[in-house]
There are 2 protein chains.
Amino acid sequence: MLSSPLWTATAILPARTYYDPRMVTIADVARAAGVSPSTVSYVLSGKRSISETTRRRVHHSIRKLGYRPNAGARALASSRTNVLALVVPMRTDLNVPVVMQFVTATVAEARSYDHDVLLLTADEGPEGLHRVAASALADAIIVMDVEAAEPRVPVLRSLGRPVVLIGVPDDTRDLACVDLDFTAAGSDCVSHLADLGHRDIALIGPSPAVYERGTSYAGRFLRGFEQTAADRGVEAETMACVPTYDGLRDVLDHLLSRRRPVTGLVVHNEAILGPLLSELAKRGKRVPQDISVLAVCPPDLAEAQSVPLSSVDIPATELGRLAVELAMHQLGGLAELDVKLLPPRLTARGSTGPVVA
Amino acid sequence: MLSSPLWTATAILPARTYYDPRMVTIADVARAAGVSPSTVSYVLSGKRSISETTRRRVHHSIRKLGYRPNAGARALASSRTNVLALVVPMRTDLNVPVVMQFVTATVAEARSYDHDVLLLTADEGPEGLHRVAASALADAIIVMDVEAAEPRVPVLRSLGRPVVLIGVPDDTRDLACVDLDFTAAGSDCVSHLADLGHRDIALIGPSPAVYERGTSYAGRFLRGFEQTAADRGVEAETMACVPTYDGLRDVLDHLLSRRRPVTGLVVHNEAILGPLLSELAKRGKRVPQDISVLAVCPPDLAEAQSVPLSSVDIPATELGRLAVELAMHQLGGLAELDVKLLPPRLTARGSTGPVVA
DNA sequence: ACGCCGCGTGTTAGCGATAACTTCCAGGCC
DNA sequence: GGCCTGGAAGTTATCGCTAACACGCGGCGT
């Protein structure tokens, strides 16, 4: 009784069939709609004209059967996967929310082109890029956190697939790049403070490690900052800052004890914004009356501080959008292989004010 | 002269061939090695024994030609994509670094099983799950940020594919779930403070929105917290806290002005840790002499504060690892469809101390 | 009236793997 | 010597879809 035939039949099903959902195929749909498979395919792709009545019947059968094209079969036949590979950095010294914002923007934008996103981490290195390209896992590749002397550039160029870089390496030949115009951003920060009458300012930059590995945006921001400071006759000092309380205290000790203390700070280091404000408060420095603070960070971070910060946006969402768009254009055959820099937008929020004599 | 034949020939190449890398196929390898395609396949999959000499010749040809199996073809023939889908939340009210840590851990672990990760965002909803499952884009699905009354559960159950949830919904039948044991964590926090002599403590929880939408971890933590407080005879108050300065100030105003002010705080809200410490400092409360602070957050966050915080880990990396492992087991046919809760680990770092009478 | 055009569809040859079925051969056993 | 066994490798059907090619038919120009 315990081992009835029915029970046995169920139990001896091989494990692998547990997860083998019987799928509806294009042939099923064609049969149901009384047309040929290719007609169904063409209805879906729109690559040739189909009469209104046929189109309707096909769509009806598709819905009724719940048909979804098999991605593998489609990729095999069309050599298009409808997948974008996105390589995210593994660094702990960059701002994680910004990365995440970029990632989600990329996924959302990819979906709007009917594509999905395959996530790779930078620690797979060039080998990972080869793997994804050569095994036809993705149609195009987007790479974040590009360094000036980016070691992956030669590989990327040889992949035979569209590539979009977020960031600007030294050698951009045949490569599509997008980024914020950090040079202009650095320049705008100085101008903003100079316009308010500041003559002694400082840049608190990212951790020394960031500069040392030649991350391109840090250097470009610095260049814009220093150049414009020189042009405007503003005394400007730059200090890299490790993102810890001790690092920050050292920096402030120095900047505030100078013969002519700084009256304006430009902070290109998201991680220390919160600590910086508490530390300034602790030292009795009011923002902006005693010292102006101008940040480079996403708007929500700027707004979430004890004093809403004037800031230059990091347009992560916009960059994600743009990166996908460029990849799609390349896939469409329109090669715009150049560097696209988004103009910075500076929003004054009250943490910057005129110098009080 | 300007339009030499060569130049013309280059220019009229149709756009679509630009990115059509001629790929090495299994047949190429077989030919080069003097064996049949299936032999190459078997060498790669190890699904039947191959003599040492043939294996070597095949491997040699593979390397020489730089062969990589075409993912689409492989998926079609084997009905295995070697891809895991990962659904990440789109909420702004949860801790982004924790999510990111989880994501990268998942990718890394998936790679160690020779799988890739397809990234989906929760805002695609159940439709997105259907899409990925029915079009055979992924073999299994991992879903983060599960709510108690999780609306996606029925869909997930009907997908016909392995599913792993991060978090614990009310109805876990036939579903694999992993999470931190938040109930135990809440309990441990109370015990830690009670052991130090605290008799008046408070839980500063996540934003009210988190409780309202029934996020399962928040409720479980709260339950453990309150239960153990009752057991230990500790006076315990709970306050949800919107992650802004104003929200935090309101909470502190209340807690510190009580007839018997709290001597210990449990903070289950990463976003306000920094602000909380500055605010306490501003009010002249020393940590831990005047008030103990115990956080629930990743260790690096706990260490990066002005006072290194005693904390209960959020084991994001471990959870990612485990989620992938469970998915793989299901794919292997061993269904362990139950709830796996990781025991909490509390690390004392100096922000908690005995009550001073 | 003839042929040509172009629209709407059907037919079918791949795409590049996998794996079920064969085949071949060398030993061992009776 | 015939027969069975089992290891090693070849043959080929198949996976589901796309797109090149083929076809019939009605209208139109000459």
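- Under 4.0 angstrom from either OP1 or OP2 of C:dA19 there lies at least one side-chain N or O belonging to B:K47.
- At least one side-chain heavy atom of A:R80 sits less than 4.5 Å from a side-chain heavy atom of A:L331.
- Distance A:R31 CZ to D:dG16 P: 11 Å, rounded to the nearest Å.
- For B:S78, counting side-chain heavy atoms from C-beta on, the closest listed nucleotide (C:dA19, C:dA17, D:dC15) is C:dA19.
- Salt-bridge annotation for A:R157 and A:E150: absent, with no side-chain N of the basic residue lying under 4.0 Å from a carboxylate O of the acidic one.
- For DNA chain D, no neighbouring residue in residues 127-141 of chain A is found when judged by any heavy atom under 4.0 Å.
- Atom OG1 of residue B:T54 and atom OH of residue B:Y42 lie 14.5 Å apart, to the nearest 0.5 angstrom.
- A:H115 contributes atom NE2, which lies 6.5 Å from atom CG of A:L84 (distance to the nearest 0.5 angstrom).
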Hey, what are the protein-to-nucleotides 6-10 of chain C N/O distances that come in under 3.5 Å?
residue: C:dG8; atom: OP2; partner: A:S49; partner atom: OG; Å: 2.6
residue: C:dT9; atom: OP1; partner: A:S51; partner atom: OG; Å: 2.6
residue: C:dT9; atom: OP1; partner: A:T54; partner atom: OG1; Å: 2.4
residue: C:dT9; atom: OP2; partner: A:S51; partner atom: N; Å: 3.0
residue: C:dT9; atom: OP2; partner: A:S51; partner atom: OG; Å: 3.3
residue: C:dT9; atom: OP2; partner: A:T54; partner atom: OG1; Å: 3.3
residue: C:dT9; atom: O4; partner: A:R48; partner atom: NH1; Å: 2.8
residue: C:dG10; atom: OP2; partner: A:S36; partner atom: N; Å: 2.9
residue: C:dG10; atom: OP2; partner: A:S36; partner atom: OG; Å: 3.3
residue: C:dG10; atom: OP2; partner: A:T39; partner atom: OG1; Å: 2.7
residue: C:dG10; atom: N7; partner: A:R48; partner atom: NH2; Å: 3.1
residue: C:dG10; atom: O6; partner: A:R48; partner atom: NH1; Å: 2.8
residue: C:dG10; atom: O6; partner: A:R48; partner atom: NH2; Å: 3.3

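- To the nearest angstrom, C1' of D:dT14 lies 17 Å from CZ of B:R74.
- At the phosphate of C:dA17, neither OP1 nor OP2 sits under 4.0 Å from any side-chain N or O atom of B:S41.
- To the nearest 0.5 Å, the span separating CD1 on B:I26 from OH on B:Y67 amounts to 4.0 Å.
- Regarding B:I26, its CD1 atom lies at a distance of 11 Å from the P atom of C:dA19, rounded to whole Å.
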Trace of the side-chain contact (heavy atoms from CB on, under 4.5 Å) decision for B:R56 with B:H59: CA-CA 5 Å; B:R56 256 205 289 277; B:H59 273 132; 5.8 Å; no
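- When the C1' atom of D:dG16 is taken as reference, atom CG of A:N70 falls 6 Å away, rounded to whole Å.
- Using a 4.0 Å heavy-atom cutoff across all strands shown, B:V58 reaches no nucleic acid atom at all.
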Could you list the donor-acceptor pairs under 3.5 angstrom formed by side chains in residues 317-327 of chain A, with sequence neighbours left out?
residue: A:T317; atom: OG1; partner: A:Q101; partner atom: NE2; Å: 3.4
residue: A:R321; atom: NH1; partner: A:E109; partner atom: OE1; Å: 3.1

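- For the pair B:L76 CG and C:dC15 C1', the computed distance is 9 Å after rounding to whole Å.
- Salt bridge present: A:R91 and A:E147 bring a charged side-chain N and a carboxylate O closer than 4.0 Å.
- Between the P atom of C:dG16 and the CG atom of B:L44 lies a distance of 16 Å, rounded to the nearest Å.
- Between A:D116 and B:R131, at least one side-chain nitrogen of the basic residue sits less than 4.0 Å from a carboxylate oxygen of the acidic one, meeting the salt-bridge criterion.
- Rounding to whole angstrom units, OH of residue B:Y67 and C1' of C:dA17 are separated by 7 Å.
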